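Source: prediction; values computed, not measured. Proteins get letters first, then strands, A, B, ... in listed order; numbering begins at 1 in each.
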There are 2 protein chains.
Amino acid sequence: MGVTDDDRVFKALADPTRRLLLDRLFVRDGRTLTELESELEMTRFGVMKHLKLLEAANLVVTRRSGREKLHYLNPVPIRQIHDRWIDKYTEHRVSALLDLKDELENA
Amino acid sequence: MGVTDDDRVFKALADPTRRLLLDRLFVRDGRTLTELESELEMTRFGVMKHLKLLEAANLVVTRRSGREKLHYLNPVPIRQIHDRWIDKYTEHRVSALLDLKDELENA
DNA sequence: AATATACGTGACCAAATGGTCACATGTCAA
DNA sequence: TTGACATGTGACCATTTGGTCACGTATATT
C-alpha cells in the first residue's frame, strides 16, 4: 500500500539522530550536509540518509547553491501534528499548564 | 543505553495503528481494550501491545475499573513536541497560515 | 462452584530500519 | 586541466519492530 504523508512525517521523527538534526536547524538553518555531519558521530552517508528522509517528509526544505545544498527547517508538519490531537479548548489549558511548569523549573 | 522519554513518545507515534488509536480516543476516550480492538483489523494481542507502548510514552493514561482498563488521551507530550521546534513568533505565523488553508479548502 | 469475560506475558518470526562502504557525478580553484 | 571538495546511489548486514499464538490471572455472572 501507498505511504501517506503523515506516515513519512512520523517515521522521520522516530529517530533520535533526525530529531537532533532538526534541533540543530532550529538553532540556525541554512546548513550544508558537510557542516551537519561534522557535529555528529556518524559517517556522511548516515547523515545523508537521515536528511533525505526529513526532506521527503517535508520537515526540511532545501535550496541548492553551486555544489552545496542548504537545509532549512519547515515547521508546518509539526503544527499539523499538534492540531490533530489538540483542539482549541484543550490547547489553552495545556499550554497554560506547561508554561507554569516552565516557570516553576526556572525559579 | 537508556531510552529517553521523548524517544518513547516519537517511537510510539511512528506506527499508523497507534495513531489511529489516538484518533479514536480523541473522538471519545475512556474506552476499554476490547472496545478498541473491535474497531481494528488485528488480534487483541496486537492492540494490547500498541496500547502498552502508548501508555509507556504517556500519550495514553489509564484507570482500572473492576476487570476493565479505561484508556484516556493525554495531550501534554503532543504539545511538548510542538514547543520543541516552534517558537512563539513562528507559531503565530504558521497557525495563521494553516487556518487560512483550512478556510480555503472548506469554501 | 462453574462459566464466561477482560486483561496480561513470553516466545516466536517476517519485515522494516539504521548504518557503513565501494563507487560515482557535479562544481570550484589553481 | 588537474585535483580537491560537496553531494549522490545501490548493495549489504545487524538490530529493531509489528503481529500472532499458547498459556495464564483476575473479575464478574448465574
Side-chain angles (χ1 to χ4, degrees), chain A residues 1-25 28-57 59-73, chain B residues 1-25 28-57 59-73:
Chain A
M1 268 296 299
V3 178
T4 59
D5 278 0
D6 71 293
D7 204 40
R8 266 185 288 272
V9 172
F10 288 107
K11 288 268 170 59
L13 291 173
D15 180 84
T17 300
R18 289 193 288 270
R19 293 195 297 276
L20 179 57
L21 286 169
L22 293 182
D23 288 339
R24 303 307 296 135
L25 293 177
R28 176 174 59 77
D29 53 6
R31 304 194 201 226
T32 66
L33 163 63
T34 310
E35 180 179 357
L36 290 165
E37 175 215 334
S38 70
E39 303 188 24
L40 299 201
E41 312 240 316
M42 190 181 300
T43 65
R44 177 172 62 86
F45 308 101
V47 179
M48 193 161 45
K49 261 195 178 179
H50 287 307
L51 286 173
K52 187 174 184 174
L53 291 181
L54 288 169
E55 190 175 358
L59 284 160
V60 162
V61 293
T62 61
R63 184 170 66 82
R64 296 215 63 119
S65 169
R67 62 183 164 182
E68 294 185 330
K69 188 174 180 182
L70 307 179
H71 298 77
Y72 299 86
L73 179 61
Chain B
M1 268 294 296
V3 179
T4 60
D5 278 0
D6 71 292
D7 204 39
R8 268 186 286 272
V9 173
F10 288 106
K11 286 269 169 58
L13 291 173
D15 181 84
T17 300
R18 290 194 288 269
R19 293 195 298 274
L20 180 57
L21 286 168
L22 293 182
D23 288 339
R24 304 305 297 133
L25 293 177
R28 176 175 58 78
D29 54 6
R31 304 194 200 226
T32 66
L33 163 63
T34 311
E35 179 179 357
L36 290 165
E37 174 214 336
S38 69
E39 303 187 23
L40 298 202
E41 312 240 318
M42 192 182 298
T43 66
R44 176 173 61 88
F45 308 100
V47 179
M48 194 163 41
K49 263 196 178 180
H50 286 307
L51 286 173
K52 187 174 186 174
L53 290 180
L54 288 169
E55 192 176 355
L59 283 160
V60 162
V61 293
T62 61
R63 184 170 66 82
R64 297 215 64 117
S65 170
R67 63 182 164 185
E68 294 185 331
K69 189 175 179 183
L70 308 179
H71 298 77
Y72 299 87
L73 179 60

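- Between B:Leu53 atom CG and D:dT16 atom C1' the separation is 12 Å, expressed in whole Å.
- Atom CZ of B:Arg64 and atom P of D:dT27 are 8 Å apart (whole Å).
- Contact check, A:Lys69 against D:dG8: a side-chain N or O comes under 4.0 Å of OP1 or OP2.
- Atom-to-atom, CE of B:Met48 to P of D:dC23 comes out at 16 Å; the value is rounded to the nearest Å.
- The interatomic distance linking A:Leu51 (CG) with D:dT7 (P) rounds to 9 Å, in whole Å.
- The residue B:Lys11 sits close only to the backbone: its heavy atoms come under 4.0 Å of sugar-phosphate atoms, none of a base.
- Look at B:Thr34 and you'll find a side-chain N or O under 4.0 angstrom from OP1 or OP2 of C:dC7.
- Within the nucleic acid shown, B:Met42 comes within 4.0 Å of sugar-phosphate atoms alone, with no base atom in reach, counting heavy atoms only.
- Put simply, CD on A:Glu37 is 13 Å from C1' on C:dG19, counting in whole angstrom units.
- No salt bridge links A:Glu37 with A:Arg31; every basic N to acidic carboxylate O contact stays at or beyond 4.0 Å.
- Here B:Asp29 does not pair with B:Arg24 in a salt bridge; the nearest charged N to carboxylate O distance is not below 4.0 Å.
- The interatomic distance linking A:Phe10 (CZ) with C:dT17 (P) rounds to 15 Å, in whole Å.
- Salt bridge status for B:Arg63 with B:Glu68: absent, with no side-chain N to carboxylate O gap under 4.0 Å.
- Between the side chain of A:Arg67 and the base of D:dC5, at least one donor-acceptor pair of N or O atoms lies under 3.5 Å.
- Contact check for B:Arg44 versus B:Val47: no side-chain heavy atoms found under the 4.5 Å cut-off.
- Following rounding to the nearest Å, B:Glu68 (CD) and C:dG8 (P) show an atom-to-atom distance of 12 Å.
- Of the two residues contacting DNA chain C, namely B:Phe45 and A:Val47, the nearest-nucleotide position lying further toward the 5' end is that of B:Phe45.
- Spacing between atom NE2 of B:His71 and atom C1' of C:dG8 amounts to 12 Å, rounded to whole angstrom units.
- If you check distances only, the side chain of B:Arg44 does reach the base of C:dG8 with a donor-acceptor pair under 3.5 Å.
- Nucleic acid contact class of B:Gly66 (heavy atoms, under 4.0 Å, all strands): sugar-phosphate only.
- With a 4.5 Å cut-off on side-chain heavy atoms, A:Leu22 and A:Leu73 count as touching.
- The base of C:dG8 does not come close enough to the side chain of B:Lys52 for any donor and acceptor atom to sit less than 3.5 Å apart.
- Listed pair A:His50 / C:dG19 meets the phosphate criterion, a side-chain N or O lying under 4.0 Å from OP1 or OP2.
- Not one side-chain nitrogen or oxygen of A:Arg18 sits closer than 4.0 Å to the OP1 or OP2 atom of C:dT17.
- Taking only side-chain nitrogens and oxygens, B:Thr43 comes nearer than 4.0 Å to OP1 or OP2 of D:dT20.
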